[in-house]
S.K.: 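After the structure tokens below, expect a handful of questions from me.
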Amino acid sequence: TGVHIAKDGTLFFNVQHPSGSNPYPYNRGLIGVVNGFKATDSFTDLAVPEGADQQKVMTAAGEYQILGRAGTAIPGEVFGARFGQLDNAAGEVMDFCNHPDGNMFLPVDEAGSEGSLYSNWECIPGGVSRIYIRNNGTTWDVVEGENVDFASVNGTWTNCGSTVTPWNTAITSEEYEPIASMDAWKDNLGPMSDYMGGQANPYDYGYLVEMMPDSDGDGLGSIVQKRYAMGRFSHENGVVMPDLKTVYHGDDGTNVV
């Protein structure tokens, strides 16, 4: 899942719902990239995998590199946080999400050789990790990273699909907006209320959320803004067209868009 093709053709994708019986390291959610292959390259199709090959990441060309693994330490994270880690309002570890989804790579140079890779963690509460990666000519080095702080927008929810805007910001999509009826929100928002340290409001979730690295000079944090005018529904994705004003929305339901 989380297929993202960077401007230079680099292919990112994740392992979202691995079986716990898979061989290590494929028994946890993974963030990864294919080295030695561009999306415009030709390749010979793989056969449908059989046996043990069904439990691995198989590529028709190039080599799959793991950039992050659920529950492992984020390199250079100043507070020692881990991939998929969800902390409550008191700063205590609440849960680890094992479901990495959409990827958003924001290059800092024309060559696309380094930049920030945002990756969704599709849980309730939701999360997004950001790692700074640099290509060394053969593979990618994970220089440092952190988990995005969503406190300013009352948290985030079921972060699913993703896209990069023409102005080089990341958009994460909040899927399955919580039903706001009295009976439903008591059940659906319990974990979110625990995360917030108070009663969560269902109308705070179900939006596109735009993110970019904070430019205040300390190298930490991201600017986060929910795009309420884009509507509240089960956002699978929202893709901004080259005209800079048209957006196509996916809705993760049946026969809806």
S.K.: Between Asn98 and Ala70, is there a donor-acceptor pair closer than 3.5 Å when you use the side chain of the first and the backbone of the second?
M.R.: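 No; judged by distance alone, with no hydrogens or angles, the pair does not exist.
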
S.K.: Would you find a donor on one side and an acceptor on the other, under 3.5 Å apart, between the side chain of Ser193 and the backbone of Ala200?
M.R.: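 Side chain of Ser193 to backbone of Ala200, a donor-acceptor pair under 3.5 Å: yes, one is there.
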
S.K.: Can you find a heavy atom in the side chain of Asp204 that is under 4.5 Å from one in the side chain of Pro202?
M.R.: no

S.K.: Can you tell me how far CE of Met104 sits from OG1 of Thr165, rounded to the nearest 0.5 angstrom?
M.R.: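 So the OG1 of Thr165 and the CE of Met104 are separated by 11.5 Å.
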
S.K.: Is it the case that Tyr132 and Glu114 place a side-chain donor and acceptor less than 3.5 Å from each other?
M.R.: yes

S.K.: Is it the case that the side chains of Thr172 and Asn159 hold a donor-acceptor pair, with the cut-off being a distance below 3.5 Å and no angle test?
M.R.: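 Yes, because at least one side-chain N or O of Asn159 sits under 3.5 Å from a partner of the opposite role on Thr172.
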
S.K.: If you define the side chain from C-beta out and look only at heavy atoms, does anything of Trp167 sit under 4.5 Å from Val240?
M.R.: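 Yes, at least one pair of side-chain atoms sits under 4.5 Å.
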
S.K.: State whether the number of non-hydrogen atoms from other residues, nucleotides or ligands found under 6.0 Å of Gln199 atom CD is greater than 12.
M.R.: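 More than 12 heavy atoms, drawn from other residues, nucleotides or ligands, come within 6.0 Å of this atom.
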
S.K.: Between Phe105 and Trp140 (judged by ring centroids, cut-off 6.0 Å), do the two rings come close enough to count as a pair?
M.R.: yes

S.K.: Show your working on side chain to side chain donor-acceptor pair (under 3.5 Å) between Asn103 and Ser119 and close with a plain yes or no.
M.R.: CA-CA 4 Å; Asn103 287 310; Ser119 301; 2.7 Å; yes

S.K.: Please work out which of the three classes, parallel, tilted or perpendicular, describes the rings of Tyr207 and Tyr228, given edges at 30° and 60°.
M.R.: perpendicular

S.K.: Report yes if the side chains of Ser129 and Ile31 come closer than 4.5 Å at any heavy-atom pair, otherwise no.
M.R.: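 In short, these two side chains touch, coming nearer than 4.5 Å.
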
S.K.: Output the distance between atom CG (Asn22) and atom CG (Leu30), rounded to the nearest 0.5 Å.
M.R.: 9.5 Å

S.K.: Measure the acute angle between the ring planes of Phe37 and Phe43, then classify it against the limits of 30° and 60° as parallel, tilted or perpendicular.
M.R.: perpendicular

S.K.: Please step through salt bridge (Lys or Arg N to Asp or Glu O under 4.0 Å) for the pair Glu210 and Arg227, ending with a clear verdict.
M.R.: CA-CA 7 Å; Glu210 190 171 9; Arg227 296 306 181 194; 2.8 Å; yes

S.K.: Are any non-hydrogen side-chain atoms of Ile131 and Leu67 less than 4.5 angstrom apart?
M.R.: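 Side-chain contact under 4.5 Å: yes.
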
S.K.: Hey, are the side chains of Arg28 and Thr72 touching, using non-hydrogen atoms and a 4.5 Å cut-off?
M.R.: yes

S.K.: Which word best sums up how the rings of Phe83 and Trp121 line up, parallel for under 30°, tilted for 30 to 60°, or perpendicular for over 60°?
M.R.: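 Tilted, since the angle between the ring planes falls between 30° and 60°.
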
S.K.: Give a yes or no answer on whether the side chain of Asn120 reaches the backbone of Cys160 with a donor-acceptor pair at less than 3.5 Å.
M.R.: yes

S.K.: If you measure only the distance, is there a donor-acceptor pair under 3.5 Å linking the side chains of Asn136 and Thr139?
M.R.: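 Yes - a donor-acceptor pair under 3.5 Å links their side chains.
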
S.K.: Do Tyr64 and Phe13 have their ring centres less than 6.0 Å from each other?
M.R.: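 Between Phe13 and Tyr64, which both carry aromatic rings, the centre distance is below 6.0 Å.
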
S.K.: Does atom NZ (Lys38) have a neighbourhood of more than 12 heavy atoms from anything else shown, all under 6.0 Å?
M.R.: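 Yes.
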
S.K.: Please check if the side chain of Arg134 supplies one atom and the backbone of Gly115 the other of a donor-acceptor pair under 3.5 Å.
M.R.: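 No; judged by distance alone, with no hydrogens or angles, the pair does not exist.
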
S.K.: Could you please spell out the steps behind the side chain to side chain donor-acceptor pair (under 3.5 Å) verdict for Thr1 and Asp101?
M.R.: CA-CA 6 Å; Thr1 189; Asp101 204 333; 2.7 Å; yes

S.K.: Report the distance from atom CD of Glu122 to atom NE2 of His99, rounding to the nearest 0.5 Å.
M.R.: 8.0 Å

S.K.: Can you tell me how far the CG atom of Asn35 sits from the OG1 atom of Thr10, to the nearest 0.5 Å?
M.R.: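 Result: 8.0 Å between the selected atoms.
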
S.K.: Using a strict threshold of under 4.0 Å (side-chain N to carboxylate O), is an ion pair present between Arg130 and Glu146?
M.R.: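 Looking at Glu146 and Arg130, the cut-off is met.
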
S.K.: Testing Tyr195, Phe150, Trp157 one by one against Tyr205 for a ring pair (Phe, Tyr, Trp, His ring centres under 6.0 Å), which residue passes?
M.R.: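 Checked Tyr195, Phe150, Trp157 against Tyr205; only one passes ring pair (Phe, Tyr, Trp, His ring centres under 6.0 Å): Trp157.
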
S.K.: Can you tell whether the side chains of Lys226 and Glu174 come within less than 4.0 Å, N to carboxylate O?
M.R.: yes

S.K.: Quick one: does any side-chain atom of Asn14 pair with a main-chain N or O of Gln16 as donor and acceptor, under 3.5 Å?
M.R.: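 Between the backbone of Gln16 and the side chain of Asn14 there is no qualifying donor-acceptor contact (under 3.5 Å).
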
S.K.: Would you please say whether a donor-acceptor pair under 3.5 Å links the side chains of Gln55 and Asp53?
M.R.: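 Note: Gln55 and Asp53 side chains miss the donor-acceptor criterion.
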
S.K.: Report, as yes or no, whether the 6.0 Å neighbourhood of atom CD on Glu63 holds more than 12 heavy atoms from other residues, nucleotides or ligands.
M.R.: no

S.K.: If you draw a 6.0 Å radius around CG in Leu46, do more than 12 non-hydrogen atoms from other residues or ligands fall strictly inside?
M.R.: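 Yes - once you tally the heavy atoms of other residues, nucleotides and ligands closer than 6.0 Å, there are more than 12.
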
S.K.: Would you say Asn27 and Pro18 make side-chain contact, with heavy atoms under 4.5 Å?
M.R.: no

S.K.: Do the side chains of Glu144 and Pro75 get nearer than 4.5 Å, heavy atoms only?
M.R.: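 Side chain of Pro75 against side chain of Glu144, heavy atoms only: no contact under 4.5 Å found.
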
S.K.: State, with a plain yes or no, whether a side-chain heavy atom of Leu106 is found less than 4.5 Å away from one of Tyr118.
M.R.: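 Heavy-atom side-chain distance check passes, below 4.5 Å.
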
S.K.: Heavy atoms only: give me the nearest Ser173-Gly238 pair and the separation to one decimal.
M.R.: OG-N, 4.0 Å

